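To start, the structure under review is shown below, and the notes come after it.
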Amino acid sequence: MCSNCKDLKELLRDRGVEFKVINKNREYNLVNQLEAINRFHKYTNGYIFKNKGILDSSMGKRMESCFVDTIKLKRMIYSLNNKEKLNSTDMVILKEGPMMLRKAEEAIRHKNSNTYRNIIERAIKNSELCIGDVSIENIWIQERLYIRSLDKCSYNMIEDDYISILLDRKKRGEGFNLSDVVKYICSLENLSKDSYNYIVDLVNYPYSFMKNFNRYREGRKEWDLEEYESRILRAIKRDTIAL
C-alpha cells in the first residue's frame, strides 16, 4: 500500500529504527511483538506525508468486510430455509449457520454506533498508521526497533494492527487470555473502553467459518461436498474456541 515510503523511512531512521531482513528462526514472544507495534505507532503518530496521496487508507475496511460477509450468510440461511432439496453441506450450514450468524452479528454490533465512529474520527485526527504486516519476520524490537518492509503500511485505526496479531495467534491455536491481552494493549496505547470492545469483538468474529462458507457459496474450490463439510466444521471449531 505504501508506494513510496522514502520520507517515512527517513523519519523512522531518525528515531533509531533499523531496516533489515529479520531472522525467521527468532523465538516468538507475544508481549515483545505487541511492544514492537506500540513503538511503531508512537514513532509515526501524527505523521503527515510530504507528498499527498502517497499512502492508502484502510479505515473501516475490516468492519465493512465483516458486515458484508454477515449479510451474505443471513441471505444464504434464508435461501436454504426455502429450498426444497438440500444437499449435505446445505444441511450443515442450515444447522450451524444461525449460531455463527449470531456470533458474527454480536461482533459487529457497534458498526453504526457513535463509539465506532469516535474511534475512526480519533484515528483520522491523529493521522494514525498501521504497519499492516505485524509478523515477527517484518517487525521486531530488542534494544531498538527493526523493520523489514513498510509495503503494507496504511492509514488505519491503530487497533487493527493488534487485531491482526491476535487473529494470527488464534489461527495458530495458541492459547491466551483475550481480555488480559487487550487490557495490556489498551494500557500501552492509552486506549478507551470503546477500543477494548472493538478489539475483542473483531477478534471474536468467525472469520474462518465465513471464509469456507463463501468458498462453498461461490464454488471457488473444486471440492466435493464431503470436503466442504469438513472444512466448514473445522472452521466452526476454530472460531468457537474460548479465549
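Every value quoted in this text rests on a predicted model; they were computed, and no experiment measured them.
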query: So, Gln33 side chain and Ser135 main chain: donor-acceptor pair closer than 3.5 Å or not?
result: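 Pair found, side chain donor or acceptor close to backbone of Ser135.
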query: Backbone N or O of His41 within a donor-acceptor pair of the Asn45 side chain at under 3.5 Å?
result: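 Between the backbone of His41 and the side chain of Asn45 there is no qualifying donor-acceptor contact (under 3.5 Å).
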Does [X] have any salt bridge (charged side-chain N to carboxylate O under 4.0 Å, His left out) partners at least two apart in sequence or in another chain, and if so, which?
| X | result |
| --- | --- |
| Arg109 | Glu106, Asp201 |
| Arg231 | Glu227 |
| Asp160 | Arg62 |
| Lys83 | Asp90 |

Are there more than 12 heavy atoms of other residues, nucleotides or ligands under 6.0 Å from atom [atom1] of [X]?
| X | atom1 | result |
| --- | --- | --- |
| Arg75 | CZ | no |
| Lys111 | NZ | yes |
| Glu226 | CD | no |
| Met99 | CE | yes |

task: Could I get the full list of side-chain hydrogen bond (donor to acceptor under 3.5 Å, both in side chains) partners for Tyr28, not counting sequence neighbours?
output: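 Tyr28 satisfies side-chain hydrogen bond (donor to acceptor under 3.5 Å, both in side chains) with no other residue.
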Do [X] and [Y] come within less than 4.5 Å of each other through their side chains, counting heavy atoms only?
| X | Y | result |
| --- | --- | --- |
| Tyr216 | Met76 | yes |
| Glu218 | Lys72 | yes |
| Glu128 | Arg122 | yes |
| Tyr146 | Val17 | no |
| Leu166 | Phe176 | yes |
| Leu101 | Ile77 | yes |
| Thr70 | Met210 | yes |
| Glu64 | Phe67 | yes |

task: Could you tell me whether Glu137 and Arg148 make a salt bridge, using a distance below 4.0 angstrom between a side-chain N and a carboxylate O?
output: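 Here Glu137 does not pair with Arg148 in a salt bridge, since their nearest N and O are not under 4.0 Å apart.
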field: Glu18 bridged to Arg13 by N-O distance under 4.0 Å
entry: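 Result for this pair is no, no salt bridge flagged.
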field: Pairs touching residues 168-183 that satisfy salt bridge (Lys or Arg N to Asp or Glu O under 4.0 Å), sequence neighbours left out
entry: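 Listed once each, the pairs are Asp168-Arg172, Arg169-Glu174.
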Distance-only polar pair, side chains of [X] and [Y], donor-acceptor under 3.5 Å:
| X | Y | answer |
| --- | --- | --- |
| Tyr205 | Glu105 | no |
| Ser154 | Asn156 | no |
| Ser230 | Arg234 | yes |
| Ser179 | Asn177 | no |
| Asp69 | Asn214 | yes |

message: Could you check, using the six-membered ring where one of them is a Trp, whether Trp223 and Tyr228 have ring centers closer than 6.0 angstrom?
response: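 Distance test on ring centres: under 6.0 Å, yes.
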query: Hey, mind stepping through Lys20 and Trp140 against side chain to side chain contact (heavy atoms under 4.5 Å, CB included) and telling me if it holds?
result: CA-CA 10 Å; Lys20 62 181 291 186; Trp140 183 262; over 6 Å; no
- prompt: What heavy-atom pair brings Ile131 and Asp161 nearest, and what distance separates the two atoms?
  reply: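 Nearest pair, atom of Ile131 first, then Asp161: N-OD2, 2.9 Å.
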task: Apply the test side chain to side chain contact (heavy atoms under 4.5 Å, CB included) to residues Cys66 and Leu202: give CA-CA distance (whole Å), side-chain angles for both, the deciding distance (0.1 Å), then the verdict.
output: CA-CA 9 Å; Cys66 291; Leu202 271 290; 3.8 Å; yes
field: CA sep, side-chain torsions, deciding dist, call: Phe40, Cys153, side chain to side chain contact (heavy atoms under 4.5 Å, CB included)
entry: CA-CA 11 Å; Phe40 173 81; Cys153 183; 4.1 Å; yes
query: Is Tyr78 reachable from Leu94 through a run of I, L, V, M, F, W or Y residues, each pair having side-chain heavy atoms under 4.5 Å apart?
result: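 No, separate clusters.
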- prompt: Passes side chain to side chain contact (heavy atoms under 4.5 Å, CB included), Leu12 versus Phe19? Steps please.
  reply: CA-CA 9 Å; Leu12 291 169; Phe19 286 85; 3.8 Å; yes
